[in-house]
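This report refers to the structure that appears directly beneath it.
Please read all numbers here as calculations on a predicted model, not as lab measurements.
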Amino acid sequence: MHTSSLASAQLPVGSATLTFGPWAERFEHVRDRAVPTMRDDLFDDVLSGARHNFEVATGRADGAHQGPPFLDGDLYKWLEAAVALLAQGDDPELDTCVEDLVSLIAEAQRADGYLHTPTQIAQLQRGADETLADRLNFETYNLGHLMTAACLHHAVTGRTTLLAVAERAAGFLINLIADNPDLVARSAICPSHYMGTVELFRTTGDSRYLQLARDLITLRDRVPASGLGGDDNQDRLTFAETEAVVGHAVRSNYLYAGIADLLLEEPDEDVAARLTRLWEDVANAKVYLTGGHGALYDGASPDGFPWQEQITKVHQSYGRPYQLPQITAHNETCATIGNMLWSWRMLLRTGEVRYADSIEVAVNNTLFGSIGIGDPGYFYTNPLRQVGDLPYPLRRAGDTALDPVPAPPPSDERLRQRYLSCFCCPPNIVRTIARLSEYCYSALPDGLMIHQYAGGRGTVTTADGELAVEQHTDYPRSGTVRIVVTAAPSSPTTLAIRVPTWAVGATLSLNGEAVDAIPGRYAKVRRGWSVGDEIVLELPLSARKLVSHALVEETTNQVAIQRGPVVYCVESTDLPDGVRPSDLLIPRHAEFTEATATIDGAEIVTLSTVAARRPAVDPDALYADLPTDDPTDVAVTLIPYAAWANRGASEMSVWLPLRW
C-alpha cells in the first residue's frame, strides 16, 4: 500500500464504523433494504438489463444492449456499495453474489483490456469496432468506476480477480495513449477514471498507474487547441487558464476531485492554488444552502467567449455566480457526491475545517434527502421549493423513460422513484452511504483527526500501537458528542477534533477540564492517552435564521432556518388545510420550539413557531394590487429538508419570505 506525506491520510478500509445515530440509521437502511432491492432491479433483465448486458457481451445470452451507455458504471457503483458492506460485517449470500458478478465482468473483458458492453455487443452482433468513437459513450467513466470498485474489492476480500480486470483496463488506456493520445484526450466525459487510476496506484504501488493519471489529466489540454472542447465538459480552456467552475456540475466536480487526488500523490503549488480558487468559486457563489450543486437544467455558459459562436450550451450545470433558482433548481445528486469527493481530497491535503464543513452539510441535507427513509426510492434532482399546479413541466431524469420503466410523476407530485431510466444517482447514493464512516476520520502522522460526528468507532495504527476512539452521540439531532478512548499507544499522540465554523459558543473538555474550542479550527490535543479518557464536545444547535447574498435574486427578503448543519423546510403536509408554503411569512423575531417526531419510523427534530399568513391575491394575475388586509397568525412546524416527500406528494419550501 502506497502512503503519501499529507496533512492526513485516509484510514484503511474497515478502520471506521457507524453504530448509532442518524448516520448509522441511514447506513443500516442501505445495508438492509437499498442494496438488496437495487441488486434485484439491476439484475432484472426486463427492468434494467445492467447485468444482462454483460451476459450478452460474453455470448452467454442473446439480445440487444439495454439502457444508457453509462449503465455499466451504475452496476460497478452498486458493486462498490456491496463490497463496502462486506467490509462492515459478514454476509455470505452477498459475498457469493459479488463474486458471481465479478466473474461475469472478468469474462466480458476484451483481450486488450477494453470493457464497455454497448460497444462490445455492437461489435459482436454487427462486426463494427466503435471503441471510443463517441465521446458521449462514457467508456472511460465506466472504467473509472470499475477501478474504484476493484481496489475496494481487493482491500476488503484480498482477492485479485476484479483488480486484475482493472489493471488490464488501465493497460488498455496506457497503450491507447501511446498510439492515439488525441482520442483519449477527447474521451474524458465525467472523468471518474482520474480517481480510479490514482486509486489503482495506491492499491498496487505500480508507478505506471500514477503516470497514467498524470497523462490523462495532462492530455485534456489538447482538446482546447483542437476546437472540439466546450465549457460543458470543462475543456474549452486548459486547466492553467481556468478561473471559474462552469458546465455540467457532475463533470466539473469529478474533474477537480481527480486533480485533487493526483495532488495528494504529487504536490504542485500552482495547481493546488488554482484548485483552491476553483473550490472557493463554488463554495462562495454557486452552491445551495443544502449542499446542492448544478442549478441549471439547460443554459448557456456565462464564461464562454464573448462572441456568440463561442458560447457553449450547458446541461445540469453551474450558472453564473449567485444564480440559484429554487423551483427549477436541478441539483443532480451525483453533483453533490462529486463535490464531496473533491472536498474530501482537499481536506486530506490541507486539514482545513471548511472542507469538512462542506461535507457535513452535503450529507445531512442533499445526500440524505436523495434517498427515502422507508421504502427504497431516490431523487435525481433536489429542488429547494416544490410547488403544485405549475403551468409548465419540470424536466428531470426519467422524462425520456424507456419501456417498461414507468414515466415520472407530474411536476407537482415529485416523489422519489425506485428505478429511473437514468440510474446514475441511486447507486452513487448507496455506495456513498455504505462508505460514509470513511469520511469521519483520517490518520495524522502521529494520531487521528475526527472530521464528522456520528456514533461509531475509529482506529489508527501508530508506531507505538493503536489509538482507537468511540463516539457516543445522536448528532445532529442533539449537540453532545462524547469521544471515549478505547485503545491507547504507549507514547503521546494527537487527537484533532473539528469545531464547525458555524458552532459559535461550542465548548470542549477533556476529562472534565476545559479545552479551547475555536469555531473553524481543529482542536488538537497531544498527550499520553489512557483507555477511558473522555472528550466532550458540546455543539450549539439552536435554530438560526439565515439570509442570502443580495445577488441571489430568488431569495431576496427571504430567510432559511438552519439548526447546526441541518437545513429545515416547510412542507404542506404539516400546514393547516388551505395554507400553502407560499402563503407564509416568517417574523423577524420568530422563536422556535424544538420537539421530536417520527417520519416512516425515523426520529426527527421539528421546529415550531408562529408565522404569518399573508392576504390572498389573484393567483392568475401576473401583477396585482397589494392587499390592504393585515397578515394573520398561523402555527407552523418545520422539518429537516432531508425528510421531505416521505409522506406523499406535497409542496415544500426551504426559503420563506421575511416579515419585518
Side-chain angles (χ1 to χ4, degrees), residues 1-2 4 57 69-70 72-73 76 80 102 105-120 123 129-135 137-155 160-223 225-226 228 233 235 238-239 251 254-255 257-266 268 271:
M1 174 68 70
H2 176 83
S4 304
F70 46 80
D72 289 2
Y76 299 147
E80 182 184 341
V102 167
I105 292 169
E107 184 181 345
Q109 188 172 37
R110 227 164 55 182
D112 64 354
Y114 178 80
L115 182 55
H116 184 64
T117 63
T119 302
Q120 290 175 249
Q123 185 173 13
D129 185 357
E130 299 173 351
T131 301
L132 272 66
D134 184 346
R135 70 190 312 219
N137 268 349
F138 289 86
E139 284 129 304
T140 55
Y141 165 84
N142 287 345
L143 292 181
H145 281 299
L146 169 66
M147 293 173 189
T148 301
C151 292
L152 183 67
H153 179 260
H154 175 66
T160 60
T161 317
L162 194 59
L163 186 64
V165 175
E167 291 199 73
R168 288 193 293 270
F172 165 77
L173 293 175
I174 291 170
N175 293 332
L176 193 60
I177 287 174
D179 296 337
N180 195 340
D182 289 323
L183 183 61
V184 178
R186 69 177 183 83
S187 301
I189 297 292
C190 216
S192 67
H193 55 309
Y194 299 170
M195 290 177 279
T197 51
V198 174
E199 194 62 32
L200 200 56
F201 162 67
R202 294 189 184 116
T203 299
T204 65
D206 190 329
S207 61
R208 292 180 304 155
Y209 304 136
L210 186 63
Q211 181 64 48
L212 174 58
R214 187 186 308 124
D215 290 343
L216 288 168
I217 293 172
T218 302
L219 281 172
R220 289 186 69 92
D221 288 349
R222 290 181 177 233
V223 179
S226 72
L228 298 175
N233 197 47
D235 52 13
T238 66
F239 177 74
R251 298 173 190 175
Y254 273 42
L255 165 63
I259 294 174
D261 226 1
L262 184 59
L263 271 180
L264 294 179
E265 306 301 331
E266 295 187 339
D268 183 310
V271 171

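- When every heavy atom of Asn233 is checked against every heavy atom of Arg220, the shortest pair comes out as O-NH2, 2.6 Å.
- Tyr194 and Gly258 get closest at one heavy-atom pair: CB-CA, 3.8 Å.
- In this structure, CG in Leu210 is found 6.0 Å from CG in Leu262, a value given to the nearest 0.5 Å.
- Minimum heavy-atom separation, Ala213 to Val198: CB-CG2, 3.6 Å.
- To the nearest 0.5 Å, atoms CG (Leu200) and NE2 (His154) are separated by 10.5 Å.
- Residues His153 and Leu163 have side chains not in contact (no heavy-atom distance under 4.5 Å, counting atoms from C-beta outward).
- Considering OG1 of Thr117 and CG of Asn142, their distance stands at 7.5 Å, rounded to 0.5 Å.
- We find the CE-NE2 distance between Met195 and His145 to be 7.0 Å, quoted to the nearest 0.5 Å.
- Residues forming a ring pair (Phe, Tyr, Trp, His ring centres under 6.0 Å) with Tyr209 (at least two apart in sequence, or on another chain): none.
- Here the CD1-CG distance, from Ile177 to Leu216, works out to 4.5 Å after rounding to the nearest 0.5 Å.
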Show me the donor-acceptor pairs, under 3.5 Å and distance only, between side chains in residues 179-186 and residues at least two apart or in other chains.
| residue | atom | partner | partner atom | Å |
| --- | --- | --- | --- | --- |
| Asn180 | OD1 | Leu183 | N | 3.2 |
| Asp182 | OD1 | Arg222 | NH1 | 3.1 |
| Arg186 | NH2 | Leu132 | O | 3.3 |

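- The heavy-atom pair separating Gly144 from Ser192 by the smallest distance is CA-OG, 3.4 Å.
- Here the closest non-hydrogen pair linking Thr140 and Ala188 is OG1-CA, 4.0 Å.
- Annotation: ring pair (Phe, Tyr, Trp, His ring centres under 6.0 Å) contacts of Phe239 (sequence neighbours excluded): none.
- Here CD of Glu107 is found 12.0 Å from CD of Gln109. Values are rounded to the nearest 0.5 Å.
- Considering only heavy atoms from C-beta on, Ser187 stays 4.5 Å or farther from Asn137 through its side chain.
- Residues Thr161 and Val165 fail the side-chain proximity criterion, which asks for heavy atoms closer than 4.5 Å.
- Using a 4.5 Å heavy-atom cutoff, the side chains of Tyr114 and Thr119 are in contact.
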Start with the C-alpha gap between Thr148 and Tyr76, add the side-chain angles, then the distance that decides, and say whether side-chain contact (heavy atoms from CB on, under 4.5 Å) holds. CA-CA 9 Å; Thr148 301; Tyr76 299 147; over 6 Å; no

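- Of all heavy-atom pairs between Leu143 and Leu115, the closest is CD2-O, 3.5 Å.
- Side chains of Glu139 and Leu173 form no contact here, defined as non-hydrogen atoms less than 4.5 Å apart.
- Qualifying side-chain contact (heavy atoms from CB on, under 4.5 Å) partners for Asn175, counting only residues two or more places apart in sequence or in other chains: none.
- Every residue meeting the ring pair (Phe, Tyr, Trp, His ring centres under 6.0 Å) condition with Phe138, not counting sequence neighbours, appears here in chain and number order: Phe70, Tyr141.
- Listed by chain and residue number, Arg135 satisfy the salt bridge (Lys or Arg N to Asp or Glu O under 4.0 Å) test with Asp235 (two or more places apart in sequence, or in another chain).
- With Thr131 as the partner, the side chain to side chain donor-acceptor pair (under 3.5 Å) test is satisfied by one option alone out of Gln120, Arg110, Gln123: Arg110.
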